[in-house]
Amino acid sequence: MPCALPPGSGAASLAGCMKLWSQFFIPTLKESPSDAEIASHKLLVRAGLVRKLGGGLYTYMPLGLRTIQKITQICREELDASGAIELWMPHVHPVELWQQGPRWNAAREIMFRADSAGDGKRAGREPEFVLGPTHEEVITPLVKAEITSYRDLPKNFYQIATKFRNEIRPRYGLMRAREFIMMDAYSFDTTDDAAVKSYHAMKAAYERFFRRLGAHAIAVEADTGVMGGSFSHEFMVPAEVGDDDVIYNEASGYAANREKATSALVPADLADAAPAGAVEEFATPGVVTIAALEAAPYSVPGDRQFKTLVFIGDGKPFLVVLRGCDELEEAKLGALGFTLFRPATPEEIEPVLGARPGSLGAVKGTLRNPSALAGVFADHAIRLIGNGTTGANRDGFHLRNVNVVRDLAVTKFGDFRRVRPGEPDPKSGQPLQVRRGIEVGHIFKLGTKYSEKFGAVFTDDQKQSHLMVMGCYGIGVSRTMQAVIEQSHDADGIIWPWNCAPFQVLVCVLDPQLPEAMDVAKSLAAAAEQAGADVLVDDRVERPGIKFKDADLIGIPLRLTVGGKGLKEGVIELKWRAQKDVAKIPLAEAAARVAAAVAEARAKAGA
RNA sequence: CGGGGUGUAGCUUAGCCUGGUAGAGCGCCUGGUUUGGGACCAGGAGGUCGCAGGUUCGAAUCCUGUCGCCCCGACCA
């Protein structure tokens, strides 16, 4: 940081670094670049905060960097306050570390390889190094080596650093970049209960962090995959351009992401229907979709059909049974414990079930080779069908009067369907709603997945050895900057919240050639700075229109205008970016009024 | 990686269909007039038309390939 803060100053501020616009570098643009699609991306570029180097690669320009520094500073302060400890890890990782870790296969595609041999000798072979997309594989061996006693636990290490992910599709500026700035933290505890405590401490720190930033982020239950339980939350900034759906009910406070969301569609006291008659096969030539079976002459509604999907999990096929009217939420299959799974091909399906997609079913006795299956997993909602229709595992035939309890070869029931808006909230039974959001943070109780792989153990007071219980946590710093813009802008430009504004006060000097105007401007700037604001003085010799447009564009929260015209009347003007009205202030009171305005803004922002 | 689109000056772009001197606006430089919401006049600099082949007397324009970028799908902070 250009201006180190005195220890204990507390506030996230770059105070004391008043800048003259003419000496700084803020290349604003009147027009948006053609590759920018959403408002925040356009504004990032137009306001001179970033410039693109290549797909998903951006330079943080001086103004943008200041906001990044504000955000990281607040992040640092809140994490430090919660007891976490900052360190810095390498971003070039020996590939062996990843090969040793639990997710090499899943992660390798998104990792950049960094080979030392530039002559192509290693072409086609595994890379020697990879660029770190995250750091579990680095921190866990470190802690294993350095911490062996319960006396040194718990610990929570974090860093704020660049991350590399070779996103298949970089998008929307900083929103999904290949190189981005992230805070990542890793907690190590002696027991599960202690890990839960660490988790909640981080959740609280995140909440303070986003509140201080002035970002409206909500904690949303997230998918935990193989971990189970509700020990993952995503922090979402509601925005139409977000990549994720949040399923929520305002009144009950229930909020979950699409992958995790569930509903109370199946009543807890549901009694399974008795069989309605003998299973009966009937010919359905050419019918291979739910919709076709819904149509005449069969007329079987989707909510009376069993839909059977086939996946390959770690090499073995397994079945998923859903209602015909429901859609699979693939992420929920993560709970089944397969490390890798994918939809099966028709060629893989036929030898096991005896038919091709379109006539598949999970009725006992109809499967050609049931012993090949790793399991049959049914969604709870099929119990609502009771007796229904499904494929006969014979091309061109279906079965009716299929009873869930009597006839289906279900290994295990679970929640596999995608929730739809309007379904009852699991908390209150009220209808669920959906809205888009930008994921800006994630907290996750990891358990012992990594400590096991890397042998991170400690000795307790009974001389017993145990695995450390881990948690991992992330905040997308650069993405958060853009999310704030997405959330806080108007037709003229950005409207920065006080605490993450690159500067908080802009002194706009309309007649910088007038010594008197510059004198007044500098004394106002000093007063604002004294009161704890970062100040930018627009001393450029430009027409007023240009200065006002630029001021609105870069979105500094408080604008003070000093002009020859005003000085003749003995006034300066004070205007908040977020408001329309302009206050004329007599020169004699100006410094005091500015100081008061800054103090008020700081108090409101919790600076 | 699959589908669609696009590449012309620092930025936004016209021209391409129907081959023949590469144009505009913004920005930039010089001079002048202006000066409270992106001014005006005059002059000026700046373009391997993404790259490589091909067709042709002649290619920004047609064909082939290639690369970059953007949009739609699966992944993520």
Side-chain angles (χ1 to χ4, degrees), chain A residues 27-38 41-42 45-46 48 51-57 71 75 103 106-111 133-135 160-185 206 217 222-223 234-237 242-244 257 259 330-331 334 342-343 437-444 472-483 492-493 508-514 517 540-553 559 561-569 571-573 575 582 584:
Chain A
T28 58
L29 258 34
K30 205 190 286 189
E31 284 173 298
S32 304
S34 57
D35 61 7
E37 174 102 333
I38 62 173
H41 184 190
K42 290 176 182 170
V45 178
R46 285 190 56 209
R51 284 295 184 263
K52 183 164 83 174
L53 176 66
L57 302 171
I71 296 172
C75 185
R103 55 175 172 172
R108 58 196 304 178
E109 286 156 40
I110 61 145
M111 287 197 287
T134 167
H135 280 72
I160 300 172
T162 304
K163 291 283 178 288
F164 302 88
R165 289 184 197 173
N166 196 4
E167 289 292 341
I168 305 156
R169 182 146 104 85
R171 216 195 322 204
Y172 295 156
L174 305 179
M175 215 60 112
R176 189 184 309 190
R178 287 154 127 172
E179 184 182 316
F180 57 97
I181 301 171
M182 178 166 126
M183 183 293 297
D184 50 319
Y206 272 41
D223 175 46
E234 282 172 355
F235 282 76
M236 309 284 288
V237 169
D243 276 349
D244 294 280
N257 72 1
E259 286 75 38
E330 221 174 288
R342 58 169 174 86
I438 300 164
E439 185 187 348
V440 288
H442 200 157
I443 56 178
F444 202 103
C472 66
Y473 317 88
I475 290 176
V477 171
S478 40
R479 180 185 280 186
T480 295
M481 169 162 84
Q482 187 169 351
D492 295 315
C508 195
V509 193
L510 297 184
D511 302 283
Q513 319 86 318
L514 291 180
R540 294 173 301 166
V541 181
E542 287 288 357
R543 299 172 59 83
I546 290 176
K547 298 188 156 217
F548 289 139
K549 286 290 184 190
D550 273 347
D552 288 344
L553 181 57
R559 187 182 85 194
T561 308
V562 180
K565 208 168 104 183
L567 290 180
K568 267 182 206 154
E569 295 173 45
V571 298
I572 59 111
E573 286 163 17
K575 180 185 177 296
V582 177
K584 293 197 176 191

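Bear in mind that the values here come from a model prediction, so they are computed numbers and not experimental data. Note on naming: letters A, B, ... go to the chains in the order of the sequence lines (proteins, then strands), and numbering restarts at 1 for each one.
Atom CG in A:Asp492 sits 11.5 Å away from atom CG in A:Asp550 (nearest 0.5 Å). We find the CD-NZ distance between A:Glu542 and A:Lys549 to be 15.0 Å, quoted to the nearest 0.5 Å.
Counting any heavy atom pair closer than 4.0 Å across all strands shown, A:Arg51 reaches no nucleic acid atom. Within the nucleic acid shown, A:Glu330 has no heavy atom closer than 4.0 Å to any nucleic acid atom. Using a 4.0 Å heavy-atom distance criterion, A:Ser32 is classed as a sugar-phosphate-only contact. At the heavy-atom level, A:Ile168 lies under 4.0 Å from base atoms of the strands shown. At a threshold of 4.0 angstrom between heavy atoms, the contacts of A:Asp511 with the nucleic acid are absent. Contact annotation for A:Asp244: base contact, defined as any heavy-atom pair under 4.0 Å involving a base atom. The residue A:Gly563 sits close to a base: some heavy atom pair falls under 4.0 Å. Among the protein residues, A:Glu167 comes within range of the nucleic acid bases, having at least one heavy atom under 4.0 Å from a base atom.
Around CD of A:Glu109, the count of heavy atoms belonging to other residues, nucleotides or ligands within 6.0 Å does not exceed 12.
Taking atom CZ of residue A:Arg479 and atom P of nucleotide B:C76, one finds them 11 Å apart after rounding to whole Å. Distance, A:Arg176 CZ to B:C75 P: 10 Å, rounded to whole Å. We find that CE of A:Met175 is positioned 15 Å from P of B:C70, with the value rounded to whole Å. What separates NE2 of A:His41 from P of B:C70 is a distance of 8 Å, to the nearest Å. Regarding A:Ile475, its CD1 atom lies at a distance of 19 Å from the P atom of B:C76, rounded to whole Å. Atom CD of A:Glu259 is separated from atom P of B:A77 by 11 Å (rounded to the nearest Å). Between A:Leu514 atom CG and B:G36 atom P the separation is 13 Å, expressed in whole Å. Nucleotide B:U34 holds its C1' atom 16 Å from the NZ atom of A:Lys547, rounded to whole Å.
Listed nucleotides B:A77, B:C71, B:U12 differ in distance to A:Glu37; the shortest reach to its side chain belongs to B:C71. For A:Asp243, the listed nucleotide lying nearest its side chain is B:C75; candidates were B:G25, B:U13, B:C75. Candidate nucleotides B:A77, B:U12, B:G36 were compared by shortest atom distance to the side chain of A:Pro544, and B:G36 ranks first. The side chain of A:Lys565 lies closest to B:G36 when the candidates are B:C76, B:G36, B:G27. With B:G36, B:A74, B:U13 as the candidates, the nucleotide lying closest to the side chain of A:Arg169 is B:A74. In the set B:C70, B:G38, B:C76, B:C70 carries the atom at the smallest distance from any side-chain atom of A:Asp35. Listed nucleotides: B:A77, B:G38, B:G25. Nearest to the side chain of A:Leu553: B:G38. Comparing B:G38, B:G37, B:C76 by their nearest atom to the side chain of A:Arg559 picks out B:G37. In this structure, the nucleotide among B:G36, B:G38, B:C76 sitting nearest to the side chain of A:Phe548 is B:G36. Considering only side-chain atoms of A:Arg543, the nucleotide from B:A39, B:C76, B:C70 that sits closest is B:A39.
Rounded to whole Å, the C1' atom of B:G37 lies 22 Å from the corresponding atom of B:C41. Rounded to a whole angstrom, the distance from the P atom of B:U48 to that of B:C16 is 22 Å. A distance of about 15 Å separates the C1' atoms of B:U21 and B:U61, rounded to the whole Å. Taking the P atom of each, B:U35 and B:C72 are spaced 48 Å apart, rounded to whole Å. Here, B:A9 and B:G4 have their P atoms 27 Å apart, quoted to the whole Å. Rounded to whole Å, the separation between the P atoms of B:A42 and B:C69 comes to 42 Å. Separation of the C1' atoms belonging to B:G50 and B:G43 is 33 Å when rounded to the nearest angstrom. A distance of about 42 Å separates the C1' atoms of B:C62 and B:G38, rounded to the whole Å.
Between A:Ile181 and A:Leu29, the residue anchored closer to the 5' end of RNA chain B is A:Leu29, taking for each the nucleotide with the nearest heavy atom. Checking A:Glu439 against A:Arg178, the closest nucleotide of RNA chain B that is more toward the 5' end is the one next to A:Arg178.
Using a 4.0 Å cut-off, some side-chain N or O of A:Lys52 falls inside it from OP1 or OP2 of B:C70. The shortest distance between the side-chain N/O atoms of A:Ser34 and the OP1/OP2 oxygens of B:C69 is not below 4.0 Å. For the pair A:Tyr172 and B:C72, the criterion of a side-chain N or O lying under 4.0 Å from OP1 or OP2 is met. Residue A:Arg540 places none of its side-chain N or O atoms closer than 4.0 Å to OP1 or OP2 of B:G38.
Nucleotide B:C1: paired with B:G73 (Watson-Crick or G-U wobble, both distances less than 3.5 Å). When both pairing distances are held under 3.5 Å, B:C28 makes a Watson-Crick or G-U pair with B:G44. Shown here, B:G7 forms a base pair with B:C67; the pair counts as Watson-Crick or G-U wobble because both key distances fall under 3.5 Å. Nucleotide B:A39 has B:U33 as its partner under the Watson-Crick or G-U criteria, with both atom distances under 3.5 Å. Base-pair partner of B:U13: B:G23 (Watson-Crick or G-U wobble, both distances under 3.5 Å).
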Next on the checklist: A:Asp552 vs A:Arg559, test: side chain to side chain contact (heavy atoms under 4.5 Å, CB included). Steps then yes/no.
Outcome noted: CA-CA 9 Å; A:Asp552 288 344; A:Arg559 187 182 85 194; 4.0 Å; yes

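Checking side-chain atoms of A:Arg178 against main-chain N and O of A:Asn166 turns up no donor-acceptor pair under 3.5 Å. Distance alone, capped at 3.5 Å, places no donor-acceptor pair between the A:Thr561 side chain and the A:Cys508 backbone. Looking at A:Arg165, its side chain does come within 3.5 Å of a backbone N or O of A:Pro133 through a donor-acceptor pair. A:Gln482 places a side-chain N or O within 3.5 Å of a backbone atom of A:Met175 that can act as its donor or acceptor partner.
For B:G73, the base has no donor-acceptor partner in the side chain of A:Arg171 [N/O atoms by modelled type, under 3.5 angstrom]. At a cut-off of 3.5 angstrom, the base of B:G38 holds no donor-acceptor pair with the side chain of A:Glu542.
Between A:Tyr473 and A:Tyr206, the ring planes are perpendicular. Angles over 60° get that label, and only those under 30° would be called parallel.
Taking the side chain as every heavy atom from C-beta outward, A:Arg479 and A:Glu439 approach each other to under 4.5 Å.
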